[in-house]
Colleague: 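Sharing a structure, written as structure tokens. Questions coming.
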Amino acid sequence: MGDLEDRTRFEPAEVEPRIVARWLQSGLVHPEPAGAAAENYSIAVPPPNVTGVLHMGHALNGAIQDVLARSHRMRGQRTKWILGTDHAGIATQRQVEKRLIAEGTAREALGRDAFVRRVWEWREEHGGQIIDQFKRLGATLDYADERFTMDKRYAQAVLKVFVELYEQGLIYRDNYLVNWDPGLRSAISDLEVEEREGIVDTMYAIAYPLASGEGEVVISTVRPETLLADTAVAVHPDDDRYAGLVGQELILPLVGRRLEIIADPYVKTDFGTGALKITPGHDSNDFEIGNKHGLERISVIGEDGLMTAQAGEAYEGLTVAQARVRVVADLDAAGLIRARDEYVHTVPFSHRSGERVEPLISLQWFMRMDELAAPAIDVVRDGRVRIHPPSQSKRYVDWLSEIRPWCISRQLWWGHQIPVWYRGAETYCGLTPPEGEGWEQDPDVLDTWFSSALWPFATLGWPDETPELRAFYPTDVLSTARDILFLWVARMVMMGLRFAGDIPFTDVYVHSIIQAPDGRRMSKSLGTGIDPLDLIDGGPRPPAYGASSAHAGDFPAYGADALRFGLLAMSSTQDVRFSEEKVAQGQALANKLYNATRFVALRVNTDPAHPAPAPLPRTVEDRWILSRLQAIKADTVARVDGFDFAKAALGLYDFVYGDLCDWYLELVKPRLGEDADRADRAALGATLLHVLRETIATAHPIVPFVTEELWGLLGYAEAEGLLASASLPELDDALVDTAAEAQMDRAIEAITALRAWREQVGVQAGAIVPAVLRAAGYEQTAERVGGLARFDFEAGDGEPVATIAIAGGVVGVLASDAVDLGAAGRRLDEAREKLASEITRAEGKLANAGFVAKAPAEVVAAERSKLGRLREEHAALSTQAQAQA
RNA sequence: GCGCGCGUAGCUCAGCGGCUAGAGCAUCGCCCUUACAAGGCGGGGGUCGCCGGUUCGAAUCCGGCCGCGCGCACCA
């Protein structure tokens, strides 16, 4: 342990790689499947995209899940943290397409099979980088059992679910208005549409002449090009302005089609002219109205984003934007534009490609959700699945209660191809291709979230009844940010109940989204993103951060423990701003633990023959720290189990910094000196080692690296193996000592008061103040109080020249060179004044008839006893003041 | 527009009917240096978003505003 002498700082860069390697070699992350899920512990990681790189959200969620996994593993549960990646249809396909374009070729040139092979190759070569990054965090995922949503076995599970739902009539194919992503050239689901506010468009007022030749109806639109697909104009049935016109016909400008004027209560009378053009082929509301009134659906915009033949010769082949210009020009020429106004509104954009969503009618696969949603609502309502915080369960239930069919087909090549084949008018759906010639498989693939929905059981081998499934399903906790509560969590519950026969997890923890320090989203493009690895290794601070604070330049290498601690400490159930200070605090904690260990190891016998010494408390401070230790052990576990990770982390910090280092180690220093009592010193050594050992073990789930390293330095690794596979220390009720805590609380308060007095009276830092202790409750702590406050209570029994109030009495200061009597007198007067004002306040409160009559008896009694105590203290100081005067 | 949440010290937050509103970090001053770029003591800094109500008593409960975030639905 020679290193300890010289190394005064914990060095994460040196320690972490070594420790990670030992964890991974030990096999502790890969449990054999045995026992029942009820007694085991499992978490399915939200599978990162195979293209993904670690961002702050992963780091936070990784820290959270790892704390849970380590804590339960150390409580003796067989613990599996299921690992894997998501094939991420869109993201991955685009990644590979970009490469192809760089190579001067394209997906279409390769053909489907060759393209899919390329994606697999890409995945072999570059996929899963994020998994190595999880290792850097210390995440104890089951790396020996990695899954991928495109694995053969997983794919079989996906197809089986599809086929069953198809056979049950829940999956069907239909022509329906979908959210079309022109960038992707694929349909996307409602959840992948993002409404962007503040989009500025021009609203055109366009006159549609009446077929009768007399007059016109003016409609408003921001999308004049869709007029080519109009099949009616609607007005509100009660709108007097159009009362006589309902049932009459209009001539659609540029096209000449006759449009009936229909009445529908959907139309707002107070918007625009109160007349609404109806375009069932390109607007979801119009689609509904069209269905209601039996209107024709015309599509003038194709899946390629160009105007179709139905748009008419003049417009066919134009882009939507070109068509708009052309239509407006033509309307102008016809003298039909009545007004143009700037109009700011919300517009749907694709979350995937960032392009404006084009609603259009398309033949797609849909999944009916109502039947699946009902039981998924029930399990949350009846508490079988608990969502934390509870406010999120309202969102969950609300969404599921109004769930609409899910568009599950995507016009991509990378993904699970839909297991449906066509031959003429025949359709076949099955796990394997149909017999016979001439069948063609549906070219579409499934929405990636369809396969993710099976994650907690498909990763464990479902539909086979594997030992893994028995041992680990249902899982225990699903930890995620709220943005995928619907996209993923709700769907896992539905699918789990339907196919695995049980809920997929018992608790859902919805964690914070970490924002940039300035409150904006963390994002690469905004320059606000922070790479978690830059905090571990040191790396550039984003400019958006450095400029707005005192910090600038690179992050120091905080280390993985610091990052984990910091993220946990800033976490909550609300969104939080990233706080570098919390990471620095974690670094400080790791270093403090290291130095506390150094302190002990360099002074007491850490004989490896006694790796787990029993504590031998001999003094009140020994009994106190052992009692405090029981509290921090219990609190930490309770906070982890209650998903209160910030309190768990910060509570540990307070214990280590406050109770352990500031107080206990300082208190026992005299007992470790060369001339100290040898028997006491040996007993103290045992107590110190015990406290240190249990503190390290308790802290391990939160700061695993430094604690594992210290475990080794203290010799426990050699005798007992890794800390990561050791047990969390159990509570020892026999060591809970409220009497010792009360005495020490009093002693700490007194030491603080005496130190403050010294400073204010101007006593030299090194001087020992001779004094007499005239206070109750210090029978066992007097020597320590004197020691830490540098007072000598054995100095004799003379007449005090100054008095200091402490809990339970006073300290009388004897005359000496150390004390300036004038300053002491002023200090005494200040103390008396302060007491007097507190007494006045308390008297005033008790003189209030309303308070005494109406407040609860115990509140009044507490106020009375407080007043009594204040009066006693004041009397003691006054007696002294008179004596001095 | 509807719903949910949040506005407390420079920062991050705790407190959620009753001690003179706190902690950590930051900052300033003094002191110390005996495990620790550590420690000790003190100072500055708060109309607890605003207004009103309930109550003996409100940061805390209720109502209304204002601001921010999120979700849902969107008027063409």
Side-chain angles (χ1 to χ4, degrees), chain A residues 4-5 7-10 195 203-204 219-223 226 233-234 266-279 283-286 289 343 345-346 348 389 391-392 394-395 398-399 402 482-483 485-486 513 515 517 519 549-550 566 569-570 572-582 584-585 588 591-603 646-647 650 653-654 657 661-662 665-666 669 672-673 751-752 754-760 762-766 788-790 834 837-838 841-842 845 848-856 858-860 862-863 866 870:
Chain A
L4 278 180
E5 296 269 4
R7 291 202 160 180
T8 62
R9 294 286 294 176
F10 175 66
E195 299 289 337
M203 171 105 80
Y204 298 91
I219 57 89
S220 304
T221 183
V222 291
R223 305 214 45 194
T226 63
V233 166
Y266 169 80
V267 183
K268 304 281 182 288
T269 53
D270 55 357
F271 190 92
T273 60
L276 172 64
K277 72 195 259 310
I278 302 297
T279 322
D283 180 281
S284 59
N285 293 309
D286 293 7
I289 294 170
Y343 185 62
H345 63 148
T346 356
S391 59
Q392 295 296 326
K394 182 175 151 42
R395 273 184 67 214
D398 287 352
W399 183 74
E402 287 175 37
R482 64 164 183 280
D483 51 355
L485 190 64
F486 307 150
I513 291 174
Q515 301 167 335
S549 77
M570 66 185 100
S572 89
T573 52
Q574 299 209 143
D575 291 354
V576 293
R577 295 186 183 195
F578 179 79
S579 156
E580 188 178 345
E581 280 67 32
K582 288 284 192 291
Q585 202 176 342
N591 191 241
K592 198 74 171 174
L593 277 171
Y594 174 77
N595 273 295
T597 303
R598 263 183 85 218
F599 173 81
V600 172
L602 295 175
R603 280 168 184 75
K647 276 213 177 78
L650 294 168
Y653 177 92
D654 287 342
Y657 255 77
C661 293
D662 289 349
L665 295 186
E666 294 303 327
K669 272 181 184 173
L672 292 166
I751 292 165
T752 306
L754 294 177
R755 282 171 172 170
W757 181 87
R758 291 177 65 104
E759 297 276 346
Q760 283 167 19
V763 177
Q764 289 265 321
L788 287 194
R790 297 191 188 230
K834 200 175 165 198
S837 83
E838 283 184 51
R841 194 180 303 272
K845 200 163 184 180
N848 180 342
F851 174 72
V852 178
K854 296 186 178 172
E858 61 268 25
V859 173
V860 178
E863 196 64 29
K866 180 185 160 197
L870 291 171

Colleague: If you measure from the C1' atom in B/C48 to the same atom in B/C13, how many Å do you get, rounded?
Modeller: 13 Å

Colleague: Just how far is it from atom CD of A/E863 to atom NZ of A/K845, taken to the nearest 0.5 Å?
Modeller: 4.5 Å

Colleague: Do the non-hydrogen side-chain atoms of A/L276 and A/Y266 ever get within less than 4.5 Å of each other?
Modeller: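 When only atoms from C-beta onward are counted, A/Y266 and A/L276 do touch, with a gap below 4.5 Å.
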
Colleague: Report the base-pairing partner of B/G17 (Watson-Crick or G-U wobble, both distances below 3.5 angstrom), or none.
Modeller: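 Partner of B/G17: none.
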
Colleague: Sticking with atom P, work out how far B/C50 lies from B/C11, rounded to a whole angstrom.
Modeller: 16 Å

Colleague: Taking pairing as Watson-Crick or G-U wobble with both contacts under 3.5 Å, can you name the mate of B/C48, or confirm there isn't one?
Modeller: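 Pairing partner: none.
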
Colleague: Searching all strands shown, indicate the nucleotide that pairs with B/C25 (Watson-Crick or G-U wobble; both distances under 3.5 Å).
Modeller: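 WC or wobble partner is B/G10.
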
Colleague: Both distances under 3.5 Å, Watson-Crick or G-U wobble: report the partner of B/C70, or none.
Modeller: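 Across any shown strand, B/C70 pairs with B/G3.
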
Colleague: Using the C1' atom as the point on both nucleotides, what is the distance between B/A58 and B/C19, in whole Å?
Modeller: 16 Å

Colleague: Where does the angle between the aromatic ring planes of A/F10 and A/Y594 fall among parallel (under 30°), tilted (30 to 60°) and perpendicular (over 60°)?
Modeller: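 The arrangement is tilted - the two ring planes meet at 30° to 60°.
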
Colleague: Report, as yes or no, whether the 6.0 Å neighbourhood of atom CD on A/E195 holds more than 12 heavy atoms from other residues, nucleotides or ligands.
Modeller: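 Counting neighbours around CD of A/E195, more than 12 heavy atoms of other residues, nucleotides or ligands fall under 6.0 Å, so yes.
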
Colleague: Looking at CZ of A/R395 and CZ of A/R482, how far apart are the two atoms once the value is rounded to the nearest 0.5 Å?
Modeller: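 A/R395 atom CZ to A/R482 atom CZ measures 6.5 Å (nearest 0.5 Å).
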
Colleague: Is any side-chain N or O of A/R395 closer than 4.0 Å to OP1 or OP2 of B/C72?
Modeller: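 Checking B/C72 against A/R395, no side-chain N or O comes under 4.0 Å of OP1 or OP2.
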
Colleague: Would you mind telling me which of B/A35, B/C6, B/A76 lies closest to the side-chain atoms of A/F271?
Modeller: B/A76

Colleague: Determine the contact category for A/Y653: base if any of its heavy atoms lies under 4.0 Å from a base atom, sugar-phosphate if only primed atoms, P, OP1 or OP2 are that close, otherwise nothing.
Modeller: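 Counting heavy atoms under 4.0 Å across all strands, the contact made by A/Y653 is with sugar-phosphate only.
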
Colleague: With a non-hydrogen cut-off below 4.0 angstrom, is A/A765 in contact with a base, only sugar-phosphate, or nothing?
Modeller: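 If one applies the 4.0 Å heavy-atom cut-off, A/A765 turns out to touch the sugar-phosphate alone, with no base involved.
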
Colleague: Return the pairing partner of B/U55 with a 3.5 Å limit on both distances, Watson-Crick or G-U wobble; otherwise return none.
Modeller: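 B/U55 is paired with nothing.
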
Colleague: Kindly point out which of B/C19, B/C4, B/G18 is positioned nearest to the side chain of A/V859?
Modeller: B/G18

Colleague: With a 4.5 Å cut-off on side-chain heavy atoms, are A/K866 and A/L870 touching?
Modeller: yes

Colleague: Heavy atoms under 4.0 Å, any strand shown: does A/Y343 hit a base, just sugar-phosphate, or nothing?
Modeller: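 Sugar-phosphate, backbone atoms only, no base.
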
Colleague: In whole angstroms, how far is the P atom of B/G57 from the NZ atom of A/K845?
Modeller: 12 Å

Colleague: Suppose you measure atom C1' in B/G7 against the same atom in B/G15; what distance do you get, rounded to whole Å?
Modeller: 15 Å

Colleague: Just checking A/V600: base, sugar-phosphate only, or nothing, at a heavy-atom cut-off of under 4.0 Å?
Modeller: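 A/V600: no heavy atom of the nucleic acid under 4.0 Å.
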
Colleague: Output the rounded distance in Å from CG (A/D483) to P (B/G69).
Modeller: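 My rounded result for the distance is 17 Å.
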
Colleague: Distance check, rounded to the nearest 0.5 Å: A/Q585 atom CD versus A/K592 atom NZ?
Modeller: 12.5 Å

Colleague: Tell me which of A/Q585 and A/K268 sits closer to the 5' end of RNA chain B, going by the nucleotide each one is nearest to.
Modeller: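 Of the two residues, A/Q585 wins.
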
Colleague: Can you identify which nucleotide, out of B/G18, B/G24, B/U34, has its nearest atom closest to the A/P856 side chain?
Modeller: B/G18

Colleague: Take the angle between the ring planes of A/Y657 and A/Y653 and call it parallel below 30°, perpendicular above 60°, tilted in between.
Modeller: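 If you compare the ring of A/Y657 with that of A/Y653, the planes turn out parallel.
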
Colleague: Rounded to whole angstrom units, what separation is found between the CD atom of A/E858 and the C1' atom of B/C19?
Modeller: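 These atoms are roughly 15 Å apart.
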
Colleague: Would you measure the distance from the P atom in B/G22 across to the matching atom in B/A59 and give it in whole Å?
Modeller: 13 Å

Colleague: What is the separation between atom CG on A/D575 and atom C1' on B/U12, rounded to the nearest whole Å?
Modeller: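 After rounding, the reported distance stands at 15 Å.
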
Colleague: State which of B/C4, B/U34, B/A14 makes the closest approach to the side chain of A/R790.
Modeller: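 The closest nucleotide is B/U34.
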
Colleague: Would you mind classifying the nucleic acid contact of A/T221 as base, sugar-phosphate or nothing, using non-hydrogen atoms under 4.0 angstrom?
Modeller: sugar-phosphate

Colleague: Determine, for A/K277 against A/D283, whether the closest basic-nitrogen to carboxylate-oxygen distance falls under 4.0 angstrom.
Modeller: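 Looking at A/K277 and A/D283, the cut-off is not met.
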
Colleague: Between B/A9 and B/U47, how far apart are the two C1' atoms, rounded to whole Å?
Modeller: 14 Å

Colleague: What's the CG-P distance between A/L665 and B/U34, to the nearest Å?
Modeller: 17 Å

Colleague: Nearest whole Å is fine: how far is B/A23 C1' from A/M570 CE?
Modeller: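 Atom-to-atom, A/M570 to B/A23, this comes out as 17 Å.
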
Colleague: What integer distance in Å separates A/R577:CZ from B/C13:C1'?
Modeller: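 Answer to the nearest Å: 13 Å.
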
Colleague: Taking B/G10 as the reference, what is the distance to B/G45 when you measure between their P atoms (whole Å, please)?
Modeller: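 Each nucleotide's P atom is 10 Å from the other's.
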
Colleague: With heavy-atom distances below 4.5 Å as the criterion, would you say the side chains of A/L788 and A/R755 are in contact?
Modeller: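 Heavy-atom side-chain distance check passes, below 4.5 Å.
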
Colleague: Checking base pairs now: Watson-Crick or wobble, both atom distances under 3.5 Å. What partners B/G39?
Modeller: B/C31

Colleague: Let me know the distance between CG of A/N848 and P of B/U55, rounded to the nearest Å.
Modeller: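 A/N848 atom CG is separated from B/U55 atom P by 15 Å.
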
Colleague: Side chain of A/V576: nearest nucleotide among B/C19, B/A76, B/C13?
Modeller: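 Nearest listed nucleotide: B/C13.
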
Colleague: Between protein and nucleotides 36-41 of chain B, map the contacts as a letter string: B base, S sugar-phosphate only, - none, heavy atoms under 4.0 Å, written 5' to 3'.
Modeller: BBSSBS

Colleague: Taking only the C1' atom of each, what is the distance from B/C25 to B/A35 in whole angstrom?
Modeller: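 Rounded to whole Å, the distance is 23 Å.
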
Colleague: With RNA chain B as reference, determine whether A/L870 or A/G274 sits nearer its 5' end, using the nearest nucleotide of each.
Modeller: A/L870

Colleague: Indicate, with a heavy-atom threshold strictly under 4.0 Å, whether A/R223 touches base, sugar-phosphate, or nothing.
Modeller: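 No contact.
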
